[in-house]
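As a basis for the values below, the full set of heavy atoms in this structure was taken, side chains included, without hydrogen atoms, waters or symmetry mates. Residue numbers start at 1 and run along the sequence shown.
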Amino acid sequence: MNHALDLAERPARDEAPEYFFQYVDKVPVGDIRDTLEAQAATTLAYLGSIPEGRTLDRYAPGKWSVREVVGHINDTERVFVFRAFWFARGLEAPLPGFDQDAAVSAAGCDSRPWESLIAEFQAVRSATTTLFRHLPPEAWSRKGVASERTVSVRALAFVTAGHVEHHLRLLRERYGLG
């Protein structure tokens with residue numbers, strides 16, 4: 001396996017459930033570790049540009065607030081990266097699914113200061129990039145089962161970046177935070 005080439009190419013369709021490719025396909029070609037690091041800077045700048053007065057906005061009744069979206073981004077990145085860690089370390093036990101709505105409901109993001117959610121994104125992404133920067137080459141091709149579906153470590157890195165892109169696009173388009 002050519003380590004550098006693999007990290008610059010999108011995962012093959014057999015490396016993740018088809019559903020995840022809505023995220024994977026949003027990631028530009030290039031070393032995924034560099035992509036995640038660059039995305040951290042652009043995401044922090046974007047989130048920092050959102051006026052605090054807009055962070056409780058919802059684009060429709062029953063939809064998440066801007067703060068809840070960012071809390072969801074943070075929580076979901078933790079989940080994806082924990083899965084990547086688990087599989088990269090060769091642990092074989094299947095991992096459970098993740099109920100994003102239950103997590104958002106329990107997180108209490110609307111009562112948190114906006115800046116704390118931005119700082120949390122920065123801390124979570126720092127941990128993410130540190131893990132991915134230091135994985136041994138053979139770890140990237142390892143696979144495991146999460147939510148009753150097989151996924152590779154490499155695919156999870158791409159899903160992590162693509163998931164953020166997905167939600168930033170929704171904040172711009174549906175919330176009008178362009």
Enclosure of E18 CD (heavy-atom neighbours >12, cutoff 6.0 Å): yes
Apart from V79 itself, members of its ILVMFWY cluster (side-chain separation under 4.5 Å) are F98
If you measure from NE2 on H166 to CD1 on I73, what distance do you get to the nearest 0.5 Å? 9.0 Å
Hydrophobic clustering (ILVMFWY, side-chain heavy atoms < 4.5 Å, transitive) - are V153 and Y19 grouped together? yes
List the steps, then state whether side chain to side chain contact (heavy atoms under 4.5 Å, CB included) holds for R10 with E15. CA-CA 10 Å; R10 286 190 185 93; E15 289 186 57; over 6 Å; no
Have a look at L36 and tell me which of D31, T129, V81, V27 forms a side chain to side chain contact (heavy atoms under 4.5 Å, CB included) with it. T129
H167: which of H163, R169, E165 passes side chain to side chain donor-acceptor pair (under 3.5 Å): H163
Value rounded to 0.5 Å, distance of CZ in R125 from CG in L44: 9.0 Å
Can V24 be reached from L168 by stepping across I, L, V, M, F, W or Y side chains whose heavy atoms are under 4.5 Å apart? no
Run the salt bridge (Lys or Arg N to Asp or Glu O under 4.0 Å) check on R174 and D57 step by step: do they pass? CA-CA 11 Å; R174 293 191 184 165; D57 290 2; over 6 Å; no
d(T160 OG1, L156 CG) to nearest 0.5 Å is 6.5 Å
I'd like to know if the side chain of Q39 and the backbone of A161 have a donor-acceptor N/O pair within less than 3.5 Å. yes
Could you grab the distance from atom CG of L171 to atom CG of L47, nearest 0.5 Å is fine? 7.5 Å
Once the angle between the rings of W86 and F82 is folded into 0 to 90°, is it parallel (under 30°), tilted (30 to 60°) or perpendicular (over 60°)? tilted
According to a 4.5 Å side-chain heavy-atom criterion applied to Ile, Leu, Val, Met, Phe, Trp and Tyr, with indirect links allowed, do L91 and F87 form part of one hydrophobic cluster? yes
CG of N74 to SG of C109: how many Å apart, nearest 0.5 Å? 7.5 Å
Could you tell me if the ring centre of F21 sits under 6.0 Å from that of F158? no
Please determine whether the number of non-hydrogen atoms from other residues, nucleotides or ligands lying under 6.0 Å from atom CZ of R133 exceeds 12. yes
Would a hydrophobic clustering, with Ile, Leu, Val, Met, Phe, Trp and Tyr connected at side-chain separations under 4.5 Å, put Y46 with L56? no
Between L177 and L170, is there shared hydrophobic-cluster membership here, with clusters defined by ILVMFWY side-chain heavy atoms closer than 4.5 Å? no
Who pairs with Y175 by side chain to side chain donor-acceptor pair (under 3.5 Å), at least two apart in sequence or on another chain? none
For residues 63-70, run the donor-acceptor check on the side chains, cut-off 3.5 Å, and write out each pair with its distance to 0.1 Å, sequence neighbours left out.
from : atom 1 : to   : atom 2 : distance (Å)
S65  : OG     : R67  : N      : 3.4
S65  : OG     : E68  : N      : 3.0
S65  : OG     : D110 : OD1    : 2.4
R67  : NE     : T55  : OG1    : 2.8
R67  : NH1    : D110 : O      : 3.4
R67  : NH1    : R112 : O      : 2.4
R67  : NH2    : E52  : OE2    : 3.3
R67  : NH2    : T55  : OG1    : 3.1
E68  : OE1    : R58  : NH1    : 2.9
E68  : OE1    : S65  : N      : 2.8

Straight-line distance of R154 CZ to L135 CG, nearest 0.5 Å: 13.0 Å
Check: T128/E77 side-chain N/O donor and acceptor closer than 3.5 Å: yes
Check whether any side-chain heavy atom of F121 lies under 4.5 Å from a side-chain heavy atom of T43, and answer yes or no. yes
